[in-house]
Asks: 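Got a structure for you, written out below as structure tokens; questions coming shortly.
We count ligands from 1, going down the list as the structure has it; atoms in each ligand are counted the same way. If you read the sequence from its start, that first residue is 1, and numbering goes on from there.
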Amino acid sequence: MVTYCRICEPLCGLVATVRDGELVQLRPDPAHPLSRGFACAKGIAMTEVQNDPDRVLHPLRRLPSGEFERISWDEALDGIAARLKDVPRDGIGWYFGNPATFSYSHPLWMNSFMAAVGSKHIYSAGSQDVNNRFAASALLYGSPLLVPIPDLKRTKLLLMLGANPLVSHGSLISEPRIKERLAKIPRVVVVDPRRTETARAHEHLPIRPDGDAWLLLSLLQVIFEEKLEADFDAAGTGEFRRLVAPFTPESTRERTGIAAETVRELARDLATAERAAVYGRIGSCLGRSGTLTAFLIDALNLVTGNLDRPGGVLFGRAPMRLDELARVSGLATYGERRSRIGGYPDVLGTFPAGVMAREITTPGPGRLRALFVSAGNPVNSVPGGLPVEELDLLVCLDIYVSDTAKHADYILPATTFLEREDFPLPFGQLHLTPYASWTEAVVPPRGEARQEWRIIEDLARRMGLHPGALGAQRLAHRLGFRPGPRVLVDLLLRTGPDRLSIRKLRKHPHGIVLAEHQGTGTLRKRLLHKDKKVHLAPPEIAGEIGRLSTLEEPGGYPLRLIGLRELRSHNSWMHNVQALMRGKRTHLARISPKDAADHGIEDGAVVVITSQHGRVELPAKVTDEMIPGTVAVPHGWGHSGGWPRANAAGGANTNLLASPEDLEPLAGMARLNGVPVKIGPGGR
Ligand SMILES: Nc1nc2c(c(=O)[nH]1)N[C@H]1C(S)=C(S)[C@@H](COP(=O)(O)OP(=O)(O)OC[C@H]3O[C@@H](n4cnc5c(=O)[nH]c(N)nc54)[C@H](O)[C@@H]3O)O[C@H]1N2
Ligand SMILES: Nc1nc2c(c(=O)[nH]1)N[C@H]1C(S)=C(S)[C@@H](COP(=O)(O)OP(=O)(O)OC[C@H]3O[C@@H](n4cnc5c(=O)[nH]c(N)nc54)[C@H](O)[C@@H]3O)O[C@H]1N2
Ligand code: SF4
Ligand SMILES: [Mo]
């Protein structure tokens, strides 16, 4: 049976072999029009996750001893509903993790549940990932969901900040076989503190961690000073020029580590290239100025005439009217609410996960008392961990007893993506090649696993709630009709610009290519600012530029910690898979030969990494891919859940080195890159 992978954003086509209702094998789908027979090791290894004997297959309740006992669905849901009676509604919260966004139904139902509960405690992996991007779009375009994608098919020069698509396979862009796509671009400049796989395949421009905003400001400064800008129309241009003017390449050198002449040449190349695109991803998001950085990336595309233009960056469109839907559903918000602690603006209705710890521990009205965690592992993935033991109730919807679920009062077994029908709802506008597909479930749920939306609906009913994410859905509910996600998505497809339907998509199991390119010249129509202009100098951004000069570092922590991704890991959840853990894989800290020599650390020996907030010990990998002064460690290791192979792999939770209080102001982005640390040899 033909389906598609929902581990990461290319959504590669897969062919599943199923025998007697059990998955036997996954192979790449040669007939998928975009992935054309490509799937990575993780996609193939999903068979092992599907059939993993360590998966959670029944509802579990924690006993006082810390052990879990198997209970029935009725006992679990009634028990949770009863416990929630003692919690004020505004003390109920939800954290949804990365795999949730790959399901068409889970986030919708979660949102409607929380709306019906009437609590604003909604958190997600987004504040460790992309919320800065959404906030920047809200400021620039009035709409957080207008996210540009680089036109890799037609660009001549790609400037890429903080992304390693040869390993990550691309993010905030859905493009299978991205490595081949990049190889066809005449020039790709990779701005990264580490000489990554992608940097090695292209042109590497090393940068100091967290230096991106300074680099971008200098590129803009040169373009304005040398009058290289294209004809462009935006509100606040004069003010923006004034803000950028002081950032000469000489003045930013110290922060970026990049020579002034290199910056000048790059600025000229960008401005004079026939078509150029600037793109930033996770390495440009998790510093102290993520929203400003994302904002400046678009500003640079605009000023060089590459915004909303072939070969520049494009605003994709989904095969359904998502712009309108986002508007009428009230889900596409920025800054409409503020968090109780810290006063952070909401991004798409969520608050920074970094603030959760203080929301749990700070007394007063609206204190977070009961938390649902679905498809997330926040104990491992958010800055500073999470004091889950201080909650009155923790409920996890997961496929494993994760490092977080281990602390839960109840664990509810969710289906894997292979056990659910799906439509790539949030990815439509991120496809470089407009594309749509539908898949049915490949296998029936194992054990008693259930889809999240069903669990949520069942629980809501027991709590006497009537959820409905969209106006129409709420109306239907009032009339006693409960449309499931399938009916809802079918309706959206039928009323969308391509007049698709689930029936039509089912006739094309490999999906349908809707056009060769995403459209251009659409921005003005889609902008939500009343003056129909891009806003270049909102006060929030002026404030952030002003704040740059005040950013100081603590003394005594001379090195900077950054993250990296590995081909055979996926955030924190694929370390129980034998096929991915072969060769005694373990968690390593990469350090430069100079730093290793200075601190007497040999390759393979234990290095102690200390920040102001924590301390971890890991084996060192001494490699000249690191610039002196920078240490790179992947996140998502150091397990202690119900996944024995993952636990045995060792390593440490590096997010304990990060501070839950050091959050970027405009989107609450966690500072997980560029964390000040010191290192020393272990065993002392
Ligand atoms: N230091 C540092 N920290 C980071 C990052 C970094 O670059 N550096 N990256 C951040 C980013 S970008 C992300 S996205 C986050 C990820 O952070 P999270 O989303 O909090 O965690 P994951 O590791 O993705 O864990 C996902 C959980 O969902 C479960 N799961 C898998 N599939 C399903 C499903 O279909 N349904 C349900 N209910 N559960 C499922 C898995 O078993 C696992 O427990 O980490 C962030 N943390
Ligand atoms: N194999 C694999 N693929 C994945 C994932 C995975 O865990 N494993 N996770 C998926 C997820 S959830 C996401 S969000 C995407 C992320 O996709 P990418 O953004 O491509 O993620 P990374 O590979 O972590 O690349 C980030 C790069 O930023 C660099 N960097 C760190 N600090 C800075 C800085 O201050 N400035 C600059 N310019 N660069 C910096 C790092 O050295 C690193 O090379 O990947 C997805 N794909
Ligand atoms: S790159 Fe790998 S994990 Fe990502 S969608 Fe494709 S097969 Fe799945
Ligand atoms: Mo992510």
Side-chain angles (χ1 to χ4, degrees), residues 6-10 40-42 49 55-56 95-103 106 124-130 160-172 190-199 205-212 215 256 280-287 293 353 373-383 396-405 412-420 449 451-452 455 560-574 576 626 630 632-636 641 643 653-655 657-658 670 672-675:
R6 279 148 278 170
I7 298 173
C8 81
E9 288 162 78
C40 81
K42 290 180 298 170
V49 173
R55 252 184 76 185
V56 181
Y95 171 95
F96 64 101
N98 176 268
T101 50
F102 289 84
S103 156
H106 177 171
S124 79
S127 51
Q128 290 68 252
D129 192 343
V130 297
M160 183 154 63
L161 301 109
N164 187 16
L166 261 55
V167 170
S168 70
H169 299 108
S171 182
L172 275 187
V190 182
V191 181
D192 200 302
R194 182 168 77 90
R195 198 155 50 82
T196 61
E197 294 75 357
T198 310
L205 179 59
I207 187 168
R208 295 222 166 102
D210 212 11
D212 303 82
L215 170 63
T256 61
R281 209 38 204 103
I282 210 89
S284 70
C285 299
L286 300 179
T293 302
V373 173
S374 60
N377 191 7
V379 161
N380 196 300
S381 62
V382 313
C396 290
L397 286 67
D398 209 294
I399 58 173
Y400 284 109
V401 182
S402 69
D403 312 311
T404 305
L412 305 178
T415 53
T416 64
F417 67 75
L418 297 163
E419 296 165 341
R420 69 172 188 249
Q451 290 197 32
E452 295 86 354
I455 303 175
R560 296 289 169 266
L561 175 74
I562 61 170
L564 72 122
R565 283 176 162 72
E566 298 168 292
L567 276 173
R568 288 188 288 157
S569 292
H570 198 76
N571 296 323
S572 74
W573 67 273
M574 293 194 86
N576 209 47
M626 297 307 303
T630 308
V633 188
H635 68 284
W643 32 27
N653 175 4
T654 48
N655 282 334
L657 296 169
L672 301 174
N673 274 332
V675 178

Asks: Please indicate whether any nitrogen or oxygen in Asn571 is less than 3.5 Å from any nitrogen or oxygen in ligand 2.
Replies: yes
Asks: Looking only at protein heavy atoms, identify the closest one to atom 32 (N) of ligand 1 and say how far it is in Å.
Replies: Pro99 CB, 3.6 Å
Asks: Below 4.0 angstrom from a heavy atom of Glu566, which ligand 2 atoms are there? Numbered from 1 as shown, please.
Replies: 1 (N), 2 (C), 8 (N)
Asks: From the options Asn164, Leu561, Asp192, select the one whose nearest heavy atom is closest to atom 44 (O) of ligand 2.
Replies: Asp192
Asks: Taking only non-hydrogen atoms of Tyr95, do any sit less than 4.0 angstrom from ligand 1?
Replies: yes
Asks: Side chain or backbone, does Ser569 bring an N or O within less than 3.5 Å of an N or O on ligand 2?
Replies: yes
Asks: Could you name the option among Gly283, Pro634, Gly636, Ser168 that has the heavy atom nearest to atom 18 (P) of ligand 2?
Replies: Ser168
Asks: Distance check, rounded to the nearest 0.5 Å: Gln451 atom CD versus Glu419 atom CD?
Replies: 9.0 Å
Asks: State the atoms of ligand 1, each with its element, that fall below the 4.0 Å cut-off from a heavy-atom position in Ser402.
Replies: 44 (O)
Asks: Could you grab the distance from atom CG of Leu161 to atom CG of Asp192, nearest 0.5 Å is fine?
Replies: 9.5 Å
Asks: Check contact between Ala375 and ligand 1, using heavy atoms of the residue and a distance below 4.0 angstrom.
Replies: yes
Asks: Under 4.0 Å from a heavy atom of Ala414: which atoms of ligand 1 are those, numbered in the order shown and with their elements?
Replies: 36 (N), 37 (C), 38 (N)
Asks: Looking only at protein heavy atoms, which one is nearest to atom 35 (O) of ligand 2, and how far off is it?
Replies: Asp210 N, 2.7 Å
Asks: Which of these, His106, Arg55, Glu452, has its nearest heavy atom closest to atom 38 (N) of ligand 1?
Replies: Glu452
Asks: Does any N or O in the side chain of Thr256 come within less than 3.5 Å of the main-chain N or O of Gly211, such that one atom is a donor and the other an acceptor?
Replies: no
Asks: Below 3.5 Å, N or O to N or O, backbone or side chain included: is there any such pair between His169 and ligand 2?
Replies: no
Asks: Is the closest heavy atom of Leu286 to ligand 1 under 4.0 Å?
Replies: yes
Asks: Tell me which one of Leu418, Leu412, Thr415, Asp398 gets a heavy atom nearest to atom 41 (C) of ligand 1.
Replies: Asp398
Asks: Going by heavy atoms, is Arg568 under 4.0 Å from ligand 2?
Replies: no
Asks: Give the residue and atom name of whichever protein heavy atom lies nearest to atom 2 (C) of ligand 1, and the separation in Å to one decimal.
Replies: His635 CB, 3.4 Å
Asks: Where is the nearest protein heavy atom to atom 19 (O) of ligand 1: which residue, which atom, and how far?
Replies: Asn98 N, 2.7 Å
Asks: N/O to N/O below 3.5 Å, does that happen between Ser381 and ligand 1?
Replies: yes
Asks: Would Arg420 and Thr415 count as having a side-chain donor-acceptor pair, cut-off 3.5 Å?
Replies: no
Asks: So, does Val382 sit close enough to ligand 1 that a heavy atom of it is under 4.0 Å from the ligand?
Replies: no
Asks: Do Phe96 and Ser103 have side chains that approach each other closer than 4.5 Å (heavy atoms only, starting at C-beta)?
Replies: no
Asks: Look at ligand 2 and say whether Gly563 reaches it with a heavy atom at a distance under 4.0 Å.
Replies: yes
Asks: Are any non-hydrogen side-chain atoms of Val167 and Thr198 less than 4.5 angstrom apart?
Replies: no
Asks: For atom 23 (O) of ligand 1, what's the nearest protein heavy-atom neighbour? Residue, atom name and distance, please.
Replies: Ser572 OG, 2.5 Å
Asks: What protein heavy atom sits nearest atom 21 (O) of ligand 1, and how far away is it?
Replies: Asn377 N, 3.4 Å
Asks: Please report which non-hydrogen protein atom sits nearest to atom 3 (N) of ligand 1, along with the residue it belongs to and the distance in Å to one decimal place.
Replies: Asn655 ND2, 3.1 Å
Asks: Near Asp212, which atoms of ligand 2 are under 4.0 Å from a heavy atom of that residue?
Replies: 34 (C), 35 (O), 36 (N), 37 (C), 38 (N)
Asks: Give a yes/no on ligand 1: does Arg565 have at least one heavy atom closer than 4.0 angstrom to it?
Replies: yes
Asks: Looking at Glu9 and Arg281, is any side-chain nitrogen of the basic one under 4.0 Å from a carboxylate oxygen of the acidic one?
Replies: no
Asks: Can you tell me if Pro193 has a non-hydrogen atom under 4.0 Å from ligand 2?
Replies: yes
Asks: Any chance you could measure Thr404, atom OG1, to Asn377, atom CG, to the nearest 0.5 Å?
Replies: 3.5 Å
Asks: Using a 4.0 Å cutoff against the non-hydrogen atoms of Tyr400, which atoms of ligand 1 qualify?
Replies: 42 (O)
Asks: Taking atom NZ of Lys42 and atom OG of Ser569, what is their separation to the nearest 0.5 Å?
Replies: 8.5 Å
Asks: Please confirm whether Gly674 comes under 4.0 Å of ligand 2, counting heavy atoms of the residue only.
Replies: no
Asks: If you have a sec, work out which protein heavy atom is nearest atom 15 (C) of ligand 1 and how many Å separate them, to one decimal?
Replies: Ala125 CB, 4.0 Å
Asks: Just distances here: any N/O of His570 and N/O of ligand 1 closer than 3.5 Å?
Replies: no
Asks: For ligand 1, does Ile282 get within less than 4.0 Å through its side chain, its backbone, both, or neither, judged by non-hydrogen atoms?
Replies: side chain
Asks: Check whether the side chains of Asp212 and Thr293 place a donor and an acceptor atom closer than 3.5 Å, and report yes or no.
Replies: no
Asks: Please report the interatomic distance CG(Asp129) to OG(Ser171), rounded to the nearest 0.5 Å.
Replies: 6.0 Å
Asks: Polar contacts were defined as any N/O atom of the residue lying under 3.5 Å from an N/O atom of the ligand; does this apply to Trp643 and ligand 1?
Replies: no
Asks: With atoms numbered from 1 as shown, which atoms in ligand 1 lie under 4.0 angstrom from a non-hydrogen atom of Gln128?
Replies: 9 (N), 10 (C), 11 (C), 12 (S), 46 (C)
Asks: Number the atoms of ligand 1 from 1 as they appear, then name those within less than 4.0 Å of a heavy atom of Arg420, with their elements.
Replies: 35 (O)
Asks: Give the atom numbers and elements of ligand 2 that come within less than 4.0 Å of a heavy atom of Ser171.
Replies: 14 (S), 15 (C), 16 (C), 17 (O)
Asks: Would you mind listing which atoms of ligand 1 come within a distance below 4.0 Å of any non-hydrogen atom of Gly97?
Replies: 19 (O)
Asks: Are side-chain N/O atoms of Arg560 and Asn673 paired as donor and acceptor at under 3.5 Å?
Replies: no
